[in-house]
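Presented below is the structure to which this report refers.
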Protein chains: 2
Amino acid sequence: MPNLNTDKPERSRLSAADWERAALALIAEQGVTALNVEGLARELGVTKGSFYWHFPSREALLNAALERWELDVEHELGVEVESAGDPRARLRELFRRIAHEVQPHRVYAALLRALDHPRIQSLMARVSQRRMDFLALAYRQAGMERSAANHRARLTYAAYVGFLQMNVHLGVPRLSQDDYEAYVEHVIDTLIAE
Amino acid sequence: MPNLNTDKPERSRLSAADWERAALALIAEQGVTALNVEGLARELGVTKGSFYWHFPSREALLNAALERWELDVEHELGVEVESAGDPRARLRELFRRIAHEVQPHRVYAALLRALDHPRIQSLMARVSQRRMDFLALAYRQAGMERSAANHRARLTYAAYVGFLQMNVHLGVPRLSQDDYEAYVEHVIDTLIAE
DNA sequence: CTTGTCCCGTACGCTTGCGTATTGACTGGT
DNA sequence: ACCAGTCAATACGCAAGCGTACGGGACAAG
């Protein structure tokens, strides 16, 4: 079993994982529909002939890339769950981080626009449900009733989804840095305080 | 006058407006990418030859349909603005109505997934901005400070966008009727009360 | 040196969907 | 009755993308 190489220098040969990573990068930048094998091959400096050695079809690549992404996301959520401290402060910290690190969520935002694909739809349903469950738990740990926590988690997640859409894809006039910070604090006060 | 029949009309002749209405119906149901002239022609019981008499291209049809939709939306917002009464109660009423009449917002939700199209992006930016301005005004009339009202309007609109995504496209496990009502009231209490 | 495996290139067929060209049929006005 | 304008059918060209067939070079093993 040769080649465990996971770096990214100009190798003369590619592996399936290279295609998957390139696919995710392309999805993040230009969406799922932009994922075509010839374009991707061109971007990697090879031709289709290479691709169809690694994958039987475009769908297979998409599925592999999605699977890889789901594992990443689940891992991130895992480390999030394990962090200790005051639950309310943790939530605030989570909000601020997400507000300032939009980049890692671009794949999520891109997949949000491809929900007609059944596999992507079920994937997103799973991921969203897990995240909402995490939020609901956090709200309960912060002292809310079970039902209120569930509703608040749903509202929070809806706000997150809409936030991504508006910031990543909609050309909504960007707020100034100060206004943006004030907005984030407003969201935190509205959704967490009480 | 205009025949709103969207089934399989046995009309012998079609007008450009018929194509536009059919296009909007198709967009609402299956998204913008599903809008292709041959499929639409099949659905209307004619062939492409008819289409290209009314429109020079697929883009022209899409633009005409979007223009028509924008006028509708603007008109709805107009009647909304003119309604009087206690501002807070009006907001609550607005929330409840949107929560229960998701159907008219399916076009918006579909367009949300086609923001890579520059024309759709600017259109959606305009519509969203107008609606957010309306919300901000309502919040100010309800007694909030200018800046807080703007932020709350942004948050509310983000929640609306996310709400649409989750309900229309994401297969998120549907809430029971009672849970859903409770959720809506929770949203109202969280975003309006104070 | 030969051989098999891995990775890639080239060339082709196929489907979908846009757009064009041409012809035909139905309509109302004169 | 005729004619111009309107709507529609048929047939074709064309580009994009997926997938296949097949061939070849590099490289390690024997």
Side-chain angles (χ1 to χ4, degrees), chain A residues 1-23 26-27 29-66 110 113-114 116-120, chain B residues 1-3 5 8-23 25-27 29-66 110 113-114 116-120:
Chain A
M1 281 318 205
N3 245 344
L4 287 193
N5 196 354
T6 49
D7 295 338
K8 195 194 144 195
E10 308 138 9
R11 279 196 297 300
S12 51
R13 315 287 266 209
L14 298 176
S15 72
D18 293 319
W19 288 92
E20 295 168 16
R21 276 188 287 267
L26 188 64
I27 287 174
E29 288 166 15
Q30 306 189 39
V32 176
T33 57
L35 178 65
N36 57 328
V37 311
E38 294 183 358
L40 204 61
R42 198 165 33 241
E43 202 162 299
L44 287 174
V46 294
T47 62
K48 291 198 304 184
S50 169
F51 174 81
Y52 283 98
W53 191 89
H54 297 285
F55 298 93
S57 71
R58 174 189 179 274
E59 276 298 294
L61 168 65
L62 182 58
N63 290 336
L66 293 178
R113 294 161 67 194
D116 50 316
H117 193 296
R119 178 137 186 162
I120 293 182
Chain B
M1 285 323 264
N3 194 340
N5 194 355
K8 287 191 91 183
E10 299 288 338
R11 275 197 299 294
S12 49
R13 314 288 268 209
L14 298 175
S15 74
D18 293 320
W19 287 93
E20 294 169 15
R21 274 188 288 268
L26 187 64
I27 287 173
E29 288 166 15
Q30 307 189 39
V32 176
T33 57
L35 179 64
N36 58 328
V37 314
E38 295 183 355
L40 203 61
R42 196 165 32 241
E43 202 163 300
L44 286 174
V46 295
T47 62
K48 292 197 306 185
S50 169
F51 175 83
Y52 282 99
W53 190 89
H54 297 285
F55 298 93
S57 71
R58 173 189 180 273
E59 276 297 295
L61 168 65
L62 181 58
N63 290 336
L66 293 178
R113 295 160 65 193
D116 49 318
H117 193 297
R119 178 136 186 165
I120 292 182

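Residue numbering restarts at 1 for every chain, and letters A, B, ... go by the order of the sequence lines.
- Put simply, CZ on B/Arg113 and CD1 on B/Ile27 are 12.0 Å apart, with the number rounded to the nearest 0.5 Å.
- When each of C/dC18, C/dC8, D/dA8 is scored by its nearest atom to the side-chain atoms of A/Val46, the top-ranked nucleotide is C/dC8.
- With rounding to whole Å, A/Phe51 atom CZ is found 10 Å from D/dC18 atom C1'.
- Counting to the nearest Å, the C1' atom of C/dC6 and the CG atom of A/Leu14 are 12 Å from each other.
- Atom CG in A/Asn36 sits roughly 18 Å away from atom P in C/dT16 (whole-Å rounding).
- Distance from the side chain of A/Tyr52 is smallest to D/dC18 among C/dC8, D/dC18, C/dT20.
- The line from CD of A/Glu59 to NE2 of A/His117 is 3.5 Å long, rounded to the nearest 0.5 Å.
- Taking the side chain as every heavy atom from C-beta outward, A/Leu44 and A/Asp18 never approach each other to under 4.5 Å.
- The structure places CZ of B/Arg119 at 8.5 Å from CG of B/Leu62, a figure rounded to the nearest 0.5 Å.
- Within 3.5 Å, no donor on the side chain of A/Arg13 pairs with an acceptor on the base of C/dC8, nor the reverse.
- In this pair, A/Trp19 and A/Phe51 present their aromatic rings perpendicular. The plane angle is above 60°, beyond the 30 to 60° band.
- The nearest whole Å value for the distance from the CG atom in B/Leu62 to the P atom in C/dG17 is 16 Å.
- Rounding to the nearest 0.5 angstrom, the gap separating the CD atom in A/Glu29 from the CG atom in A/Leu35 is 12.0 Å.
- Where A/Gly49 and A/Arg42 meet DNA chain D, the nucleotide closest to each residue was compared, and A/Arg42 sits on the side nearer the 5' end.
- Each of D/dG19, C/dT10, C/dC7 was ranked by its minimum atom distance to the side chain of A/His54; first place goes to C/dC7.
- In this entry the distance linking CG of B/Leu40 with C1' of C/dG19 reads 16 Å, nearest Å.
- Atom-to-atom distance recorded for A/Asp116:CG and B/Gln30:CD is 10.0 Å, nearest 0.5 angstrom.
- If you measure from atom CZ of A/Arg58 to atom P of C/dT16, you get 16 Å, rounded to the nearest angstrom.
- Taking atom CH2 of residue A/Trp53 and atom C1' of nucleotide D/dA26, one finds them 14 Å apart after rounding to whole Å.
- Comparing atom distances between the B/Lys48 side chain and each of C/dC7, D/dG19, D/dC12 picks out D/dC12 as nearest.
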Filtered N/O pairs between nucleotides 27-29 of chain D and protein, under 3.5 Å:
none

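- Proximity note for B/Glu38 (side chain, C-beta onward) versus C/dC18, D/dG19, C/dT10: the nearest is C/dC18.
- In this structure, CH2 of B/Trp19 is placed 14 Å from C1' of C/dC18, rounded to the nearest angstrom.
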